[in-house]
Structure formats: structure tokens, C-alpha cells
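In what follows, a structure is listed as C-alpha cells, so that the remarks can point back to it.
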Amino acid sequence: MTQPRRIVYVVDDDQAVCTALRRLIHSVGIEVQTFASAQDFLHATRPGAPACLVLDVRLPDLSGLNVQEKLTDAKIDLPIIFITGHGDIPMTVRAMKAGALEFLTKPVKEQDLLEAIQRGIEQNRHQLVQRAEASELQRRHDSLTPREREVFPLVTSGMLNKQIAAELGASEKTIKIHRGQVMQKMKAESLAHLVRMAEKLGLTPSGTNAA
């Protein structure tokens with residue numbers, strides 16, 4: 001059975017390090033893409049496969065910490081494993097506080113790196129699944145009519161059909177139809193399921209998005 005695609009991006013200006021890391025990571029069946037500079041990596045097209053980034057702290061253009069900041073600013077969730085031959089405690093603390101997965105000192109122990117990579121890829125896989133679920137949920141919500149979008153948060157707030165009808169100035173029969181359409185289009189299996197969807201979408205009983 002073919003393994004799903006997994007990628008490790010390696011950014012290091014030392015070609016020997018890139019070659020060694022490519023060989024090591026390939027040995028456990030994971031795809032590797034190497035870059036000699038931060039800009040090369042930032043400008044590259046990245047597929048939506050589970051991945052992580054092995055990033056040297058000191059690079060000829062941007063520092064690894066600057067790359068971390070740019071990814072954060074761009075809202076790119078890519079677990080980062082820093083490697084460095086010149087690490088210090090303040091640098092490590094800064095990287096970890098900013099969300100780095102690991103900070104390893106050269107020469108890196110192979111097992112430590114491989115374990116960190118596996119954690120990073122699994123973390124990113126989870127992030128990608130959550131993002132896909134959120135996108136699908138938004139797509140379903142977008143398919144609702146304006147009136148159904150009004151009914152949706154009122155239903156999930158616990159209001160009865162007759163209360164919603166009074167709130168919106170419609171007949172109870174009409175609200176019942178809208179309610180059924182909301183359940184069908186959102187693919188909700190139950191009211192509790194629909195409530196969880198409303199929470200994920202950030203809907204308030206007034207039908208507006210929460211701040």
C-alpha cells in the first residue's frame with residue numbers, strides 16, 4: 001500500500017548538511033525538498049501535503065527566526081524544527097515561544113531529528129484536516145439562503161419554531177421548512193450536531209459572527 005505524501009523542507013546554506021539530511025530523511029520514506037536560502041524557500045510553491053520545516057537559524061539572507069516570523073504573519077501553519085551550530089538560550093527561548101516544534105544543535109542526533117520530524121508531520125496533518133473541515137463547513141453555510149442564515153443561529157440558541165416565527169415575522173410552518181433545509185444543507189445529524197457547527201462558525205443567536 002502506497003504511503004500518503006509527506007514532505008520535509010530543509011533550509012540550510014551548507015550543501016553538505018542538505019545532502020546528509022536528504023539522505024537521512026529519504027531513508028524513512030519521506031520526501032525532501034532542500035533550499036540554500038530563506039528567500040528560495042519562501043518563494044517556492046508548496047503542495048498541501050502534510051509537512052514540516054527543518055530550518056537553519058543562520059542563513060545568508062534572512063535568519064531562521066525571521067523566516068518563522070514571516071510564516072506566522074502569513075498564517076502558514078508549518079511546524080518548524082530549528083537546527084544550529086551557534087545556538088544560545090535567548091535564541092532558543094524566542095524560537096520556542098513563537099511556536100517552534102524543536103531546537104536542535106549541530107551535529108544533530110539522527111534519532112532526535114527523525115522523531116521531531118514525525119511529530120511535526122503528524123501535527124501538520126491534523127492542522128490540514130481541521131482547515132479542510134472548516135472550509136467545508138463554511139461552504140455549507142454559504143449555500144444557505146439569507147433567511148436560512150437567520151434561522152440557523154436562532155435554532156441553535158434553543159428557540160422553538162413558534163418563537164423563531166415571532167422573532168422573524170413569519171409563520172411557524174415556514175420556519176419549520178427553513179429549519180429542515182438548514183439541517184439538510186448543513187448535513188447535521190441532530191440538533192446537537194448543528195449546535196457544534198454553529199460554535200465552529202462563530203455564530204451568535206442574532207445571526208452575526210462573533211468578534
Side-chain angles (χ1 to χ4, degrees), residues 1-138 196 200:
M1 185 172 170
T2 305
Q3 276 271 13
R5 189 179 187 186
R6 299 168 296 162
I7 304 173
V8 175
Y9 303 107
V10 176
V11 184
D12 197 307
D13 60 326
D14 187 330
Q15 186 57 47
V17 170
C18 285
T19 300
L21 292 181
R22 184 189 295 112
R23 186 179 299 116
L24 172 65
I25 298 165
H26 268 160
S27 73
V28 293
I30 300 175
E31 182 180 338
V32 185
Q33 294 182 17
T34 61
F35 302 88
S37 74
Q39 293 293 355
D40 286 348
F41 167 70
L42 291 171
H43 292 149
T45 300
R46 292 180 291 277
C52 71
L53 172 60
V54 177
L55 180 61
D56 191 9
V57 171
R58 298 181 186 275
L59 294 165
D61 45 5
L62 296 172
S63 74
L65 295 175
N66 290 146
V67 174
Q68 183 182 35
E69 289 172 358
K70 285 185 174 294
L71 292 175
T72 300
D73 291 344
K75 299 189 182 337
I76 297 174
D77 296 323
L78 193 61
I80 299 175
I81 301 163
F82 280 105
I83 57 173
T84 181
H86 311 280
D88 56 34
I89 291 176
M91 187 185 296
T92 304
V93 170
R94 179 181 166 189
M96 299 305 283
K97 279 188 173 181
L101 183 71
E102 190 62 86
F103 201 104
L104 303 174
T105 303
K106 297 176 182 177
V108 177
K109 293 181 180 177
E110 292 185 355
Q111 191 58 37
D112 289 346
L113 178 59
L114 291 176
E115 288 177 0
I117 285 171
Q118 295 288 0
R119 290 201 314 275
I121 287 176
E122 189 54 39
Q123 177 180 309
N124 191 232
R125 188 195 314 279
H126 182 63
Q127 291 167 336
L128 291 174
V129 168
Q130 286 187 315
R131 194 178 307 145
E133 289 176 349
S135 178
E136 171 61 17
L137 200 57
Q138 188 61 55
R196 289 195 295 274
K200 289 178 180 178

Looking only at heavy atoms, which two atoms of [X] and [Y] are closest? And how far apart?
X	Y	value
Pro79	Ala51	CD-O, 3.7 Å
Gln68	Ala95	NE2-O, 3.1 Å
Met96	Leu101	CE-O, 3.8 Å

Quick check with a 6.0 Å cut-off and a 45 degree axis cone: is Arg94 positioned over the face of Phe103's six-membered ring? no
With heavy-atom distances below 4.5 Å as the criterion, would you say the side chains of [X] and [Y] are in contact?
X	Y	answer
Gln33	Val10	no
Gln127	Leu78	no
Val32	Leu24	no
Pro47	Arg5	yes
Ile80	Leu71	yes
Arg125	Leu128	no
Asp56	Phe82	no
Leu21	Thr34	no

side-chain contact (heavy atoms from CB on, under 4.5 Å) for Leu113 and Leu104? Distances and angles first, verdict last. CA-CA 8 Å; Leu113 178 59; Leu104 303 174; 4.0 Å; yes
Check this for me: Lys200, atom NZ, are more than 12 non-hydrogen atoms of other residues, nucleotides or ligands nearer than 6.0 Å? no
Just checking His126: does its NE2 atom have more than 12 heavy atoms from other residues, nucleotides or ligands closer to it than 6.0 angstrom? no
Can you check side-chain hydrogen bond (donor to acceptor under 3.5 Å, both in side chains) on Glu115 and Gln111, steps first, answer last? CA-CA 6 Å; Glu115 288 177 0; Gln111 191 58 37; 3.3 Å; yes
side-chain contact (heavy atoms from CB on, under 4.5 Å), paired with Val57, selected from Thr84, Asp12, Thr92: Thr84
For a side-chain contact (heavy atoms from CB on, under 4.5 Å) with Cys52, tell me which candidate from Ile81, Asn124, Ile7 qualifies. Ile81
Which distance, rounded to the nearest 0.5 Å, do you find between the [atom1] of [X] and the [atom2] of [Y]?
X	Y	atom1	atom2	result
Ser37	Leu62	OG	CG	8.5 Å
Leu59	Gln39	CG	CD	10.5 Å
Ile83	Thr105	CD1	OG1	10.0 Å

Salt-bridged, [X] to [Y], with N to O below 4.0 Å?
X	Y	value
Arg6	Glu31	no
Arg131	Asp77	yes
Glu122	Arg119	no

Report the relative orientation of the aromatic rings in Phe35 and Tyr9; use parallel for angles under 30°, tilted for 30 to 60°, perpendicular for over 60°. tilted
Quick one: do Gln118 and Ile30 satisfy side-chain contact (heavy atoms from CB on, under 4.5 Å)? Show the steps, please. CA-CA 10 Å; Gln118 295 288 0; Ile30 300 175; 4.0 Å; yes
Arg46 side chain to Phe41 main-chain N or O, any donor-acceptor pair under 3.5 Å? yes
